[in-house]
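Counting starts at 1 for both ligands and their atoms, in listed order.
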Amino acid sequence: MKCIEISDRKLILTERPIPKPKSGEVLVKVYAAGVNRPDILQRNGLYPPPEGVTDIPGLEISGEIAERGRNVEGLRNGQQVCALVSGGGYAEYCIVPARQCLPLPKGLDFITAAGIPETFFTVWTNLFDRGLLKKGETVLVHGGASGIGTAAIQIAAAIGAKVFVTAGTDEKCKACRKLGAGLAVNYKTHDFLDEALKATRDKGVDVVLDMMGGEYLPRNLKALGTGGRHVSIAIQHGRMAELDILQVMQKRLIVTGSTLRPRSVEEKGAIADALKKNIWPLLNRKNALLALFCKKRITPVIDKVFPLTEAQAAHDYLDSGVHIGKVILRVM
Ligand SMILES: NC(=O)c1ccc[n+]([C@@H]2O[C@H](COP(=O)([O-])OP(=O)(O)OC[C@H]3O[C@@H](n4cnc5c(N)ncnc54)[C@H](OP(=O)(O)O)[C@@H]3O)[C@@H](O)[C@H]2O)c1
């Protein structure tokens with residue numbers, strides 16, 4: 001099969017044997033694969049695959065089941081799926097734990113569906129399992145125009161939360177508002193802390209979904225109200241930060257976070273179940289009534305599609321930071 005390999009911090013096209021699914025796994029013929037910032041970290045040697053996982057990059061795919069290993073129930077050959085994987089997505093065939101497969105949402109094409117798993121799994125588990133976000137609460141999402149951010153805005157808005165975001169340009173802020181953000185702050189021209197406090201009449205927000213770290217932490221904690229939850233998912237501005245312990249005590253804050261990739265198949269399967277139940281009906285484009293009348297409809301935002309052979313150009317584009325939403329590789 002054709003696949004992409006990392007060599008000297010660059011992505012190169014190569015050929016490898018088609019892998020065989022083991023017990024509990026399926027082999028998926030890949031139609032499209034999502035590109036995520038963690039793939040860039042992996043290419044640069046900063047995010048190695050967990051033990052036993054292929055070194056081929058790619059954390060999410062869409063395609064058709066080509067073969068099933070033993071002990072796979074509820075999936076059939078030829079079934080169209082999208083799936084979260086721990087690696088191996090940038091290839092014509094990919095091994096997937098069956099628990100991490102989800103049916104292709106009705107009416108969605110393979111390109112759009114390939115942009116769902118990594119961001120939606122991450123957003124779901126961090127907003128709800130860790131951040132305990134509830135209807136009527138307010139969440140501040142940094143990097144609102146990112147793949148993660150565009151999913152977070154729509155998912156949080158769909159459950160009835162108020163969403164504030166930050167982004168680096170007015171154009172990105174506009175796109176975030178269109179997706180459902182009530183407040184979008186261009187952090188290059190405005191102070192997000194001032195804006196968040198102004199918008200909540202000094203009450204503060206309930207949850208911060210943070211992909212910055214570093215000097216953002218103390219400002220995020222100030223933006224949180226009593227009982228607030230701070231959820232870290234990345235450290236683009238640094239892993240070390242100053243934490244005001246007294247503030248945590250006085251406001252009874254929770255400071256938490258998570259990484260998705262090293263979690264067990266069972267844990268990822270539980271997130272898949274929650275997404276299927278709560279989010280899949282909102283992605284369904286075939287439900288005409290829902291599409292017409294339901295403001296809660298969720299549409300993954302696809303910025304640009306590259307062929308698999310141009311995976312390096314896709315990384316360079318994502319790295320440039322101009323995108324809004326997801327970058328996708330067309331494999332078939
Ligand atoms: N913990 C987990 O399980 C998990 C899972 C998936 C992804 N992640 C992390 O979540 C973040 C978003 O992922 P993604 O795939 O959605 O990436 P992405 O689309 O490339 O988004 C990154 C965003 O960060 C903003 N940014 C601010 N400072 C930056 C900097 N110094 N370098 C690059 N970008 C910067 C950019 O927006 P502006 O131009 O508006 O500043 C950009 O939209 C990444 O850091 C990724 O590693 C974590």
Can you name the one residue among E15, E92, R16 that meets side chain to side chain contact (heavy atoms under 4.5 Å, CB included) with C3?
R16
From the options D244, L243, D210, V208, select the one residue that forms a side chain to side chain contact (heavy atoms under 4.5 Å, CB included) with L217.
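Among D244, L243, D210, V208, the one meeting side chain to side chain contact (heavy atoms under 4.5 Å, CB included) with L217 is L243.
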To the nearest 0.5 Å, what is the distance between CD (E5) and OH (Y90)?
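Here the rounded value is 14.5 Å.
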Show me, by chain and number, every protein residue that has a heavy-atom distance under 4.0 Å to ligand 1.
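Near ligand 1, by chain and number: N36, R37, P38, E118, T122, S146, G147, I148, A167, G168, K172, Y187, M211, M212, I233, A234, Q236, H237, S258, T259, L260, L318, H323.
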Would you list the atom pairs, donor with acceptor, under 3.5 Å between side chains in residues 154-164 and any protein atom, with sequence neighbours excluded?
from: Q154; atom 1: OE1; to: T299; atom 2: N; distance (Å): 2.9
from: Q154; atom 1: NE2; to: T150; atom 2: O; distance (Å): 3.4
from: Q154; atom 1: NE2; to: T299; atom 2: O; distance (Å): 2.8

Is NZ or CZ of R261 both nearer than 6.0 Å to the six-membered ring centre of Y47 and within 45° of the ring axis?
yes
Looking at Y317, I'd like to know if the NZ or CZ of K304 sits under 6.0 Å from its six-membered ring centre while staying within 45 degrees of the ring's axis.
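Satisfied, under 6.0 Å and within 45°.
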